[in-house]
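Before any comments, here is the structure.
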Amino acid sequence: MPGDPAGAGRPGSSPGQRLLITGAAGGVADQLRPRLRRPGRTLRLLDVRPPAEPAGASEELVIGSIIDVDELTAACRDIDAVIHLGGESREAPAEDVLRSNAYGTWCVLEAARRAGTSRVVIASSSHAVGFVRTAEAPVPADVPGRADTLYGWSKIAAEAAGRLYHDRYGMDVICLRIGTWRVRPTTPRELATWLSPDDGARLIEACLAATSPGYRVMWGISRNTRRWCSLAEGEAIGYVPRDDAERYAGELIARSGAPDITSDPQVARIGGTWCHLPLGVRHAATPHPVRDGCAPLEGSSDQHLRH
């Protein structure tokens with residue numbers, strides 16, 4: 001399996017474990033699925049369309065929407081944990097991002113509660129705190145929300161829903177403020193925000209293995225030399241990232257120049273140029289080798305491949 005990010009037999013990969021992945025046709029799920037496969041573990045894949053890679057022997061495909069709580073409740077039955085990747089993937093009108101990301105996350109949490117699934121891992125985003133200045137590094141994972149877009153605002157709402165379901169029902173909810181999930185960094189900004197697919201799987205495994213984590217927010221980044229964000233919260237539950245974007249620094253800086261956090265809009269704030277996007281206006285995504293820049297359908301999650 002790619003990179004063997006966790007290794008069979010470690011905590012969190014117990015025999016018979018069943019996981020539900022929403023947004024299973026998205027680019028993050030494409031990279032995560034082979035890294036989460038373990039003997040005896042079943043991955044149940046939910047999306048509004050089938051993934052590009054057909055479901056394997058240890059996978060179950062469910063065609064359904066994250067905004068249909070009844071479909072989700074059925075999908076959550078006999079599931080040990082939910083990995084919630086689905087949702088609107090970029091800036092969009094308020095009704096779209098709130099329906100997919102805020103209401104959709106509520107549907108996932110409520111379905112898990114109804115089905116008796118006590119752990120949900122939510123893919124949040126660095127854009128929930130995009131207006132935080134990088135000069136404030138190291139930025140703690142639980143810094144209060146400062147969204148850079150309506151998309152980031154919807155992710156704050158998703159995190160708040162997770163807090164509510166922990167406080168009301170005692171569910172374990174871990175929100176991952178993912179930086180830039182790519183095979184490799186492509187800009188100087190991503191020298192700080194990169195999350196390699198192998199480290200992404202290590203982070204998910206740590207979330208699954210943690211004993212009674214309660215409600216937590218943590219950064220989804222690799223062990224980047226130039227990182228702005230704290231790894232302490234992830235390390236507290238056993239996340240040990242191994243990859244570092246610094247190996248790409250020479251190439252990226254030679255091509256684009258060294259980033260200047262005092263003036264360069266790409267690196268002055270965590271959200272980079274998203275802090276200057278017109279609110280509520282869909283914008284073109286940067287093509288990515290995994291998904292070729294294709295816009296995801298509702299319920300799919302390609303967002304962290306691009307930001």
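- Note that CZ of Arg182 is 10.0 Å distant from CD of Gln31, once rounded to the nearest 0.5 Å.
- Here Glu233 does not pair with Arg216 in a salt bridge; the nearest charged N to carboxylate O distance is not below 4.0 Å.
- The distance from the CD1 atom of Ile221 to the CG atom of Leu176 is 12.0 Å, given to the nearest 0.5 Å.
- With Trp219 contributing its side chain and Val139 its backbone, the two residues share a donor-acceptor pair below 3.5 Å.
- Contact of the Pro185 side chain with the Leu252 side chain is registered, since non-hydrogen atoms from C-beta on lie closer than 4.5 Å.
- The structure places OG of Ser126 at 7.0 Å from CD1 of Ile270, a figure rounded to the nearest 0.5 Å.
- Under the 4.5 Å side-chain criterion, counting only non-hydrogen atoms from C-beta, Lys155 is not in contact with Glu88.
- Identified under the side-chain hydrogen bond (donor to acceptor under 3.5 Å, both in side chains) test for residues 247-259, with sequence neighbours left out: Arg184-Glu251.
- Looking only at distances, a side-chain donor or acceptor of Asn224 sits under 3.5 Å from a matching main-chain atom of Ala245.
- Hydrophobic clustering keeps Leu231 apart from Val240 (ILVMFWY residues linked when any side-chain heavy atoms are closer than 4.5 Å, directly or through intermediates).
- Hydrophobic clustering, with ILVMFWY side chains joined whenever heavy atoms are under 4.5 angstrom apart, groups Met218 together with Trp228.
- When side chains are defined from C-beta on, Val82 does not count as touching Val121, because their heavy atoms never get closer than 4.5 Å.
- The cluster map of Ile, Leu, Val, Met, Phe, Trp and Tyr, joined by side-chain heavy atoms under 4.5 Å apart, puts Val281 and Leu279 in different clusters.
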Quiz item: Passes side chain to side chain contact (heavy atoms under 4.5 Å, CB included), Asp243 versus Asp198? Steps please.
Solution: CA-CA 8 Å; Asp243 294 324; Asp198 282 348; 3.9 Å; yes
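- Atoms OG1 and NE2, on Thr273 and His276 in that order, are 7.5 Å from each other to the nearest 0.5 Å.
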Practice problem: For Arg189 and Gln266, run side chain to side chain donor-acceptor pair (under 3.5 Å): C-alpha distance rounded to whole Å, both residues' side-chain angles, the deciding distance at 0.1 Å, then the answer. | Solution: CA-CA 6 Å; Arg189 173 180 176 270; Gln266 289 199 44; over 6 Å; no
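- Not a single donor-acceptor pair under 3.5 Å links the side chain of Arg37 to the backbone N or O of Thr42.
- Ile237 is listed as a side-chain neighbour of Cys207, based on a closest heavy-atom distance under 4.5 Å.
- Taking a cutoff of 4.0 Å between a charged side-chain nitrogen and a carboxylate oxygen, Glu91 and Arg282 do not qualify as a salt bridge.
- Arg119 places a side-chain N or O within 3.5 Å of a backbone atom of Leu208 that can act as its donor or acceptor partner.
- Seen from the ring of Phe131, Arg269 does not count as a face-on cation partner, given the 6.0 Å and 45° thresholds.
- Ser154 contributes no side-chain N or O that, together with a main-chain N or O of Asn101, makes up a donor-acceptor pair within less than 3.5 Å.
- One finds no salt bridge joining Arg202 and Glu205 here, because no Lys/Arg side-chain nitrogen approaches an Asp/Glu carboxylate oxygen to under 4.0 Å.
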Exercise. Step by step, work out the side chain to side chain contact (heavy atoms under 4.5 Å, CB included) result for His84 and Ile66.
Key: CA-CA 9 Å; His84 178 39; Ile66 60 167; 4.2 Å; yes
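- Here Glu59 does not pair with Arg44 in a salt bridge; the nearest charged N to carboxylate O distance is not below 4.0 Å.
- No donor-acceptor distance shorter than 3.5 angstrom exists from the side chain of Arg227 to the backbone of Thr193, with no hydrogens or angles considered.
- Side chain of Arg163 to backbone of Glu159: no donor-acceptor contact under 3.5 angstrom is found.
- Under the 3.5 Å distance criterion, the side-chain polar atoms of Glu71 are matched with a main-chain donor or acceptor of Ser65.
- In this structure the side chain of Tyr151 reaches within 4.5 angstrom of the side chain of Trp274, judged on heavy atoms.
- The nearest pair of heavy atoms linking Gly162 to Leu109 is N-CD1, 3.6 Å.
- One N or O on the side chain of Thr22 and one on the backbone of Gly86 form a donor-acceptor pair closer than 3.5 Å.
- Closest non-hydrogen pair, Arg38 versus Arg35, comes out as NH1-O, 3.2 Å.
- Side-chain atoms of Ser118 and Asp172 include no donor-acceptor pair closer than 3.5 Å.
- Judged by distance alone, with hydrogens and angles left aside, the side-chain atoms of Arg223 form a donor-acceptor pair with the main-chain N or O of Pro241 at under 3.5 Å.
- Residues Ala24 and Pro51 come closest through the heavy atom pair O-CB, 3.6 Å.
- Identified under the side-chain hydrogen bond (donor to acceptor under 3.5 Å, both in side chains) test for residues 133-150, with sequence neighbours left out: His127-Asp148.
- Checked by atom type, the side-chain pair Asp199/Ser222 shows a donor-acceptor distance below 3.5 Å.
- Using a 4.5 Å heavy-atom threshold, the side chains of Leu32 and Trp181 count as touching.
- Here the closest non-hydrogen pair linking Leu61 and Ala55 is CB-CB, 4.3 Å.
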Quiz item: Stepwise, does the side chain to side chain contact (heavy atoms under 4.5 Å, CB included) test hold for Leu20 with Cys76?
Solution: CA-CA 7 Å; Leu20 174 65; Cys76 284; 3.8 Å; yes
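- The side-chain heavy atoms of Ile63 and Val48, taken from C-beta on, include no pair separated by under 4.5 Å.
- Under the 4.5 Å side-chain contact rule for hydrophobic residues, Val120 and Ile156 do not share a cluster.
- In this structure, Met171 CE and His166 NE2 are separated by 11.0 Å, a value rounded to the nearest 0.5 Å.
- Under the 4.5 Å side-chain criterion, counting only non-hydrogen atoms from C-beta, Leu85 is in contact with Ile21.
- A salt bridge links Asp70 with Arg114: at least one charged nitrogen is closer than 4.0 Å to a carboxylate oxygen.
- When the shell of 6.0 Å around CH2 of Trp106 is examined, it contains more than 12 heavy atoms from other residues, nucleotides or ligands.
- Hydrophobic clustering, with ILVMFWY side chains joined whenever heavy atoms are under 4.5 angstrom apart, keeps Trp194 apart from Val28.
- Leu43 CG to Ile79 CD1: the interatomic distance, rounded to the nearest 0.5 Å, is 9.0 Å.
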